[in-house]
Amino acid sequence: LAILLWGATPERPQLCATPFVHAATAAAFDCEVEIHFAGPSVRLLVAGVAEELRPWAGSDTSIYSMMRQAANLDVRFLACAMAIDALVAPGESLIPEYTGTAAASAFVARTLDPEWATLTY
């Protein structure tokens, strides 16, 4: 399963929980899972950003906790290199769960591969 995060951004935390819950669920079913962070969603990979976000008012669970749960099930976190360069400031640290960069073509290749399913958030 390849998941593209585009609209799920720190400015819209209510949209951020579901992709990580779906990723963790698929991984629990022994599915190989990648999350591709594109555009402003790469800010979720900056240390401290997702930790401060809650999907709804009154929630004790942070978006980062959901991200860690998925990562602990071997979900890979891949980021667009252009977005990282444009939206992550020099000196900002990325979370340890960050796996590396992947070009847009990597996600497009997943959409074209009949062995992979894709979701976009």
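Just so you know, these numbers come straight off a predicted model, no measurement behind them. Numbers here simply count residues along the sequence, with the first being 1.
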Looking only at heavy atoms, which two atoms of [X] and [Y] are closest? And how far apart?
X: Val75; Y: Ala27; answer: CG2-CB, 3.8 Å
X: Cys16; Y: Ala8; answer: SG-C, 3.8 Å
X: Leu78; Y: Ala102; answer: CB-CB, 3.9 Å
X: Arg54; Y: Pro13; answer: O-CB, 3.4 Å
X: Thr61; Y: Pro55; answer: O-CD, 3.4 Å
X: Ala70; Y: Ala23; answer: CB-CB, 4.3 Å

Distance check, rounded to the nearest 0.5 Å: [X] atom [atom1] versus [Y] atom [atom2]?
X: Trp56; Y: Gln14; atom1: CH2; atom2: CD; answer: 11.0 Å
X: Cys80; Y: Leu4; atom1: SG; atom2: CG; answer: 10.0 Å
X: Leu15; Y: Ile63; atom1: CG; atom2: CD1; answer: 9.5 Å
X: Ile84; Y: Glu92; atom1: CD1; atom2: CD; answer: 9.5 Å
X: Cys31; Y: Asp74; atom1: SG; atom2: CG; answer: 12.0 Å
X: Ser41; Y: Ile35; atom1: OG; atom2: CD1; answer: 9.5 Å

| Option from Leu45, Val46, Val49 for which side chain to side chain contact (heavy atoms under 4.5 Å, CB included) with Val88 holds |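 Between Val88 and the candidates, side chain to side chain contact (heavy atoms under 4.5 Å, CB included) is satisfied uniquely by Val46.
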| message | Applying the side chain to side chain contact (heavy atoms under 4.5 Å, CB included) criterion to Phe20, which one of Ile3, Leu5, Thr25 satisfies it? | response |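 For Phe20, the side chain to side chain contact (heavy atoms under 4.5 Å, CB included) check succeeds only for Leu5.
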Please tell me if the side chains of [X] and [Y] come closer than 4.5 Å, counting only heavy atoms from C-beta onward.
X: Pro10; Y: Arg43; value: yes
X: Phe107; Y: Thr120; value: yes
X: Pro19; Y: Leu119; value: no

| Where the side chain of Asn72 meets the backbone of Arg68, is there a donor-acceptor pair that is under 3.5 Å apart? | yes
| request: Say whether, by atom type as modelled, one donor and one acceptor occur between the side chain of Thr101 and the main chain of Ala81 under 3.5 angstrom. | output: no
| said: Check this for me: Trp6, atom CH2, are more than 12 non-hydrogen atoms of other residues, nucleotides or ligands nearer than 6.0 Å? | reply: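 Counting other residues, nucleotides and ligands, CH2 of Trp6 stays at 12 neighbours or fewer.
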| query | Does anything in residues 28-38 pair up under side chain to side chain donor-acceptor pair (under 3.5 Å), and if so which pairs, sequence neighbours excluded? | reply |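 Applying side chain to side chain donor-acceptor pair (under 3.5 Å) to every pair that reaches into residues 28-38, excluding sequence neighbours, yields Glu34-His36, Glu34-Arg76, Glu34-Arg110.
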| Quick one: do the Tyr64 and Glu52 side chains pair a donor with an acceptor below 3.5 Å? | no
